[in-house]
There are 2 protein chains.
Amino acid sequence: MDGPVTLRDVARLAKVSVSTASRALAGGLTSRETEQRIQRIAAELGYRPNILARGLKTRSSRLIGLVVHNLANASFRVLAEVAQARLRAAGYQLLLCITADDPAQEEEALATLAAQAAEGLIICPTGQNGPRLAALERAGTPVTCVIRRDESAELETILAGDPEGAYAGTRHLLALGHRRIGLIVGRAETTSGRERLSGYRRALEEAGLPFDAGLVHAGRYEPETGLAGCRALLDGGERPTALFVANHESTLGVLRGLAERGLLVPEHLSLLCYEDMPGLAWQRPAISVVDNGPAALAELAVDRLLLRLRGEASASPAREYRIGARLIERQSCRPPASRTPSLRLPAEAR
Amino acid sequence: MDGPVTLRDVARLAKVSVSTASRALAGGLTSRETEQRIQRIAAELGYRPNILARGLKTRSSRLIGLVVHNLANASFRVLAEVAQARLRAAGYQLLLCITADDPAQEEEALATLAAQAAEGLIICPTGQNGPRLAALERAGTPVTCVIRRDESAELETILAGDPEGAYAGTRHLLALGHRRIGLIVGRAETTSGRERLSGYRRALEEAGLPFDAGLVHAGRYEPETGLAGCRALLDGGERPTALFVANHESTLGVLRGLAERGLLVPEHLSLLCYEDMPGLAWQRPAISVVDNGPAALAELAVDRLLLRLRGEASASPAREYRIGARLIERQSCRPPASRTPSLRLPAEAR
DNA sequence: CTTGCGGTCGCAATCGTTTGCGGTCCAGCA
DNA sequence: TGCTGGACCGCAAACGATTGCGACCGCAAG
């Protein structure tokens, strides 16, 4: 009983060679009876193959890297939870790397993941290490990007349905009669920031409303942005009747900003947020959101990765997928209090 | 340029044997000049040692398992983030396992971690797999438990300062003049649930106040518990003047419960929570909390684990550590509105 | 000149597993 | 009985690194 039991031990006890034992455990390569006998013995001994030795030989580590910016963001958190569960069920383990959206940290993470012989990668890229990711992909390590696109490389990518989501959200507010809709959004460097802004603009255009840059406040994904956005958007001249907050980090700041100004939701101002998280449903009033579906996104990312790991994916490279967003109406939006007549919207376009 | 560059490639280019190359890279085992020359060549080639091969020989995988119940809880989330950063800096990678507080999933996670030859473990145990953890420890894999104690095994454990934290929190409310303090707390099966309750009781006893079981509502770590707690504690006869909510999941439910009843914090009711999280500071009013210091807890867990991995830890087995909790006063607590005179508290005891 | 010694380096074994290749054995058929 | 073929199984070589041991070299001391 010294250390873990190896294949040699199993073979010795079964009075066969190591290779036979190996084949018996693999299955189908020996006679029925020896196969069953050896499997029984292995089970009795509690044999567990040494993954390092196997990996050395077969160049497989059963390790998948997950590279995200943080775990505070609900989308990343859900991604990690779902990916972990699904991959474990498929016999893989998850190596967690956190980059803080910093290209240098991302590069280091990629290097160590390569050294660890990770077999696949799910990553929300910073956008600065595209070549490196492409190299991994060429070297046979499937890489699936999520949430953000890396413009500098052609990689399979799974994005949220941000243009449609922001469009649907804006449209919802328009349909309620709002005409001045403030937007607090992520910066244009990010895929989501750009796309959510574009969805907002498209909905406005369709409704025949002019785009007013003074109604848009862009900033980082943090509560302070929401607070600053409140100041910029609410303390000016003509105040918007609705606020569309396009990420949940900023939402916290907005809630405080509104409270500080004594503004009630939805009586004085309608509030719609992007990205659902537990806190929002529990607010009073419960905040309506555009749910970007992080769980579905994670599921698809894992599905695609597993398919490619098994070599079953179609040869078509670098497809891009979208996860549909959907509006969850709760209690934070209602028609504006003012005399503005309800807007007649044109039929939905695509 | 086929596949990754191995030690052989380096050695060949440097015109030395593989063993010399290995020693040169390890450092201090060859002459100064060859050492530098080979290290230069290795760098130029972009050599990265194959961790699997190294691990096979040295029985080290540079992998640390992190086993937690989920990532939604702020303490677990911070634990994961901090552990990831610290361990990566120390040359380790983090294998993430999520158990949902389910002993069966925990057991499976432990089995796969053992197979992956994880070198160490940071785990928040369910309490049902103590023997297995002890076996790992005996087999030379250091195990550090966090947040919860596993009663069925003697393991190094790092706990939050829950008895003191709950004591300090309750005392704070008492000092403000509250006498009827409602407590919403985790169930007694959990270390933290038990200990926070005990801290609360001790503070009450010291103040000479009777313990009233009708003021305590215990439940799972989820928002619904807070909502139910509101119903149980606020809709009864004599209403408490302060609420101490001993976990942040329940806090969400409490906030809604208070809003539904039209109760203002802190005007009608003081509110104190346990475990800080971003949302609480951004509430209006900002919620006072007892911060259980998850970052410090994670730091210590990593420190202890690294020490033991390097074999530098003292031989004394199964020490238990506590992370001091501290009160963060924000704006959700004030003296009760009623005529209750301020309470003269006895000097703080331990 | 020989011997001893410290400093370098190469040989080869080793970690545990997989796998190509060849050998053995037996059944079946002529 | 002899031959063929297929089913099983064992030998040994990998995978890429680490490491004990011994060979070799040069230099100083005897």
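Owing to the predicted nature of the structure, the values given are computational and were not obtained by experimental measurement. All chains are named by letter (A, B, ...) in the order of the sequence lines, taking the proteins before the strands, and each is independently numbered beginning at 1.
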Evaluate the side-chain proximity of B:His69 to B:Ile98: yes if any heavy-atom separation is below 4.5 Å, no if none is.
no
Listed by chain and number, what are the salt bridge (charged side-chain N to carboxylate O under 4.0 Å, His left out) partners of B:Arg8, not counting sequence neighbours?
none
Would you grab the first and last nucleotide of DNA chain C (5' to 3') that comes under 4.0 Å of any non-hydrogen atom in chain A?
C:dG16 to C:dG20
Taking only residues two or more places apart in sequence, or in another chain, which ones meet B:Ala114 in a side-chain contact (heavy atoms from CB on, under 4.5 Å)?
B:Leu136
Only counting residues at least two apart or in another chain, list the ones meeting ring pair (Phe, Tyr, Trp, His ring centres under 6.0 Å) with B:Tyr221.
none
Using the salt bridge (charged side-chain N to carboxylate O under 4.0 Å, His left out) rule, collect all pairs that involve residues 12-21 of chain B, keeping only residues at least two apart or in two chains.
B:Asp9-B:Arg12
Lys NZ or Arg CZ of B:Arg319 over B:Tyr321 ring: under 6.0 Å, within 45°
yes
Please report the closest heavy-atom contact between A:Leu25 and A:Ala42, naming both atoms and the distance.
CD2-CB, 3.9 Å
Close N or O pairs between protein and nucleotides 13-15 of chain D (under 3.5 Å):
| residue | atom | partner | partner atom | Å |
| --- | --- | --- | --- | --- |
| D:dA14 | N3 | A:Lys57 | NZ | 3.0 |
| D:dC15 | O3' | A:Arg59 | NH2 | 2.9 |

Test side-chain hydrogen bond (donor to acceptor under 3.5 Å, both in side chains) applied to B:Thr191 - qualifying residues, sequence neighbours left out
none
Evaluate side chain to side chain donor-acceptor pair (under 3.5 Å) for B:Ser31 paired with B:Thr34, printing each intermediate quantity in order.
CA-CA 6 Å; B:Ser31 69; B:Thr34 48; 2.8 Å; yes
With five pairs defining each end axis, the helix from C:dC1-D:dG30 to C:dA30-D:dT1 comes out bent, to 10°, by 70°
Can you give the donor-acceptor pairs under 3.5 Å from side chains of residues 117-128 of chain B to other protein atoms, not counting sequence neighbours?
| residue | atom | partner | partner atom | Å |
| --- | --- | --- | --- | --- |
| B:Glu119 | OE2 | B:Ser61 | N | 3.0 |
| B:Glu119 | OE2 | B:Arg62 | N | 2.4 |
| B:Thr126 | OG1 | B:Glu106 | OE1 | 2.5 |
| B:Thr126 | OG1 | B:Gln128 | N | 3.2 |

Nucleotide by nucleotide, 5' to 3', does protein get under 4.0 Å of the base (B), only the sugar-phosphate (S), or neither (-) in nucleotides 5-11 of chain D, counting heavy atoms?
---SSBB
Quick test of your reading: applying salt bridge (charged side-chain N to carboxylate O under 4.0 Å, His left out), list the pairs with at least one residue in residues 20-46 of chain A, sequence neighbours left out, ordered by first then second residue.
A:Arg40-A:Glu44
Can you give the donor-acceptor pairs under 3.5 Å from side chains of residues 45-56 of chain B to other protein atoms, not counting sequence neighbours?
| residue | atom | partner | partner atom | Å |
| --- | --- | --- | --- | --- |
| B:Asn50 | OD1 | B:Leu52 | N | 2.7 |
| B:Asn50 | OD1 | B:Ala53 | N | 3.0 |

